[in-house]
Amino acid sequence: MRAELIMKFGGTSLATAESMRRVSAHIRRETRSKLVVVSAVGGVTDLLLEAAAAARAGLDADPFVREVHRRHDEIVDKHGLTPDLITELHQEMSRLLTGVAMLRELSPRTRDAVVSIGERISTRLLSGVLNADGCPARAWDSWDLGLETDENHGQAEPLVRSSPDIRATVDAIDARLTPVVSGFIGRSTQGEITTLGRGGSDFSAALFGAALEVDEIQIWTDVQGILRADPRVVKDARVVPMISFEEAAELSFFGAKVLHPRTVEPAHHKNIPVRVLGTFHVQPDDPTPIASQGTVIDDRAPNETIRALAVRREVQSIHLHSMRMLEAPGFLASVFEILRKHRISVDVIATSEVSVSMTFDRTEGNLRAALEELSAIARVETAPVRSILCMVGTGLRDDTSVLARVFQRLAEHQVPVYVVTQGASRINITLVTDPEHTRVALEVLHQEFFPPS
Ligand code: ADP
Ligand code: ASP
Ligand code: MG
């Protein structure tokens, strides 16, 4: 087959028998040839991780396992599917968890094997539902379609050579079948199961889309598209009709959970538009074309001063002070070398003649060791946990009034700002603030730049 389209469905779109019915309707309505990519059934990834952690700690994993069974069985029962479809995978899960409990050991490799059960089951369930609905479908584990990764368990990197393999395998699939493929998981050259990081099935969808050079990658989720701000904070945030690749990459990197941060990369590389759509907002029987719904990520997006806002929470902020910066041109090089060694990547950085302020993810790398080494070359001041507020828009390049408006509104609400940067691409402004003020800052900036119409 030649796939024209990727349709990726997230966990919340697959959480119940009822939502599976809806997903099946969206797939059957689409007349173009498509490859479907899925996440685990909603909540299952978390349950599997909790089960593994409990087994590792010598605690009872059964409540989590029972809940995994319950969610899957409900779909099997209500759609009249054969339980054999998933029995073996449930057994594999139990065997793995027994091993973890016996050894009291949970390596990243075993954790990936446990968590992969979620996606491996959801592909079988959805293809079962499609077949029952009269749409011939078959489930594939991503590696059987050629997706290979490195061995970095938990955050694996797909190998470039996967692309031609994916293309060759998909080419050979009967065009009358709809392939349903597991997102999020891959297999290493050593033959071990790997995962691409939480939320990674968006990234899988983009990888398959780029390898197959499809015309569009669709990400179906529980909101109607990319919104002007996180809807969990700003209740009345409206949908963004169009956004450029670069803006979408910045937004997802700085915390807009709707897309995994690496989704944009493969799509941008091949210039394939990505459309974000609401599984429960688009009506499968509505004649309105899909092409006019949701958000499309495409470089034809017209300029807007601010396209959207995002927040990244729980960031570590540090300040380095050193008189050595005055005469030592290699100072920053040494700082970055230390961070590289401890696998810490910097999100935001601002420098003056004698000090550097930067932020990074608190969960990344070996922070304590890095700080210790940095103390040898500078006075290190670690700040309490902070949040980063990010404003993205291609029009920022030309609008010089934005910062004045931002500070005016933030000052009115006594929101402290510790660091401000405008990136080299000049399409984003980042502000480092504290967790107590994040919500109000987001609300007032949303109000300022996206007033109710
Ligand atoms: P899925 O299960 O479909 O992958 P996710 O939960 O990973 O869905 O992502 C969708 C969620 O992202 C939304 O429910 C919303 O709460 C959150 N989100 C955060 N920022 C944004 C934003 N700017 N636009 C849309 N959704 C956002
Ligand atoms: N199921 C995985 C997760 O919950 C991947 C995904 O949803 O994209 O992280
Ligand atoms: Mg997601």
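These values consider heavy atoms only, across backbone and side chains, with no hydrogens, waters or symmetry-generated copies. Read the numbers this way: they start at 1 and go in the same order the structure lists the ligands and their atoms. Predicted model only: the values in this text are computed from it and were never measured.
- When heavy-atom distances to ligand 1 are checked against a 4.0 Å cut-off, Val223 comes that close only through its side chain, counted from C-beta outward.
- In terms of protein heavy-atom proximity, atom 1 (P) of ligand 1 is closest to Thr221 OG1, 3.6 Å.
- Salt bridge Arg124/Asp141: present, at least one basic N to carboxylate O contact under 4.0 Å.
- Residues Thr149 and Thr194 have side chains that bring a donor and an acceptor to within less than 3.5 angstrom of each other.
- In summary, the atoms of ligand 1 found under 4.0 Å from a heavy atom of Lys257, numbered by their order in the structure, are 5 (P), 6 (O), 7 (O), 9 (O), 12 (O), 19 (C), 20 (N).
- For atom 7 (O) of ligand 2, the candidate residues are Gly10, Ser39, Gly118; the nearest heavy-atom contact is made by Ser39.
- If you check which protein heavy atom lies closest to atom 11 (C) of ligand 1, you get Asp222 OD1, 3.9 Å.
- For the residue pair Ser107 and Thr110, a side-chain donor N or O sits within less than 3.5 Å of a side-chain acceptor on the partner.
- Close to ligand 1: Gly225, with a non-hydrogen atom less than 4.0 angstrom away.
- Protein heavy atom nearest atom 26 (N) of ligand 1, with residue, atom name and distance: Val258 CB, 3.4 Å.
- The closest heavy-atom contact to atom 4 (O) of ligand 2, among the options Arg198, Glu119, Lys8, comes from Arg198.
- No side-chain donor from either of Arg405 and Ser401 sits under 3.5 Å from a side-chain acceptor of the other.
- In this structure, atom 2 (O) of ligand 1 lies nearest to the protein heavy atom Gly11 N, 3.2 Å.
- In this structure, Pro231 counts as a contact residue of ligand 1, since one of its heavy atoms falls inside 4.0 Å of the ligand.
- A donor-acceptor contact shorter than 3.5 Å links the side chain of Asp112 to the backbone of Gly154.
- Atom 6 (C) of ligand 2 has as its closest protein heavy atom Ser201 OG, 3.1 Å.
- At a 4.0 Å cut-off, not a single heavy atom of Gln224 sits close enough to ligand 1 to count as contact.
- Remark: distances from the non-hydrogen atoms of Gly199 to ligand 1 are all 4.0 Å or more.
- Of the N or O atoms in Asp202, none lie within a sub-3.5 Å distance of an N or O in ligand 1.
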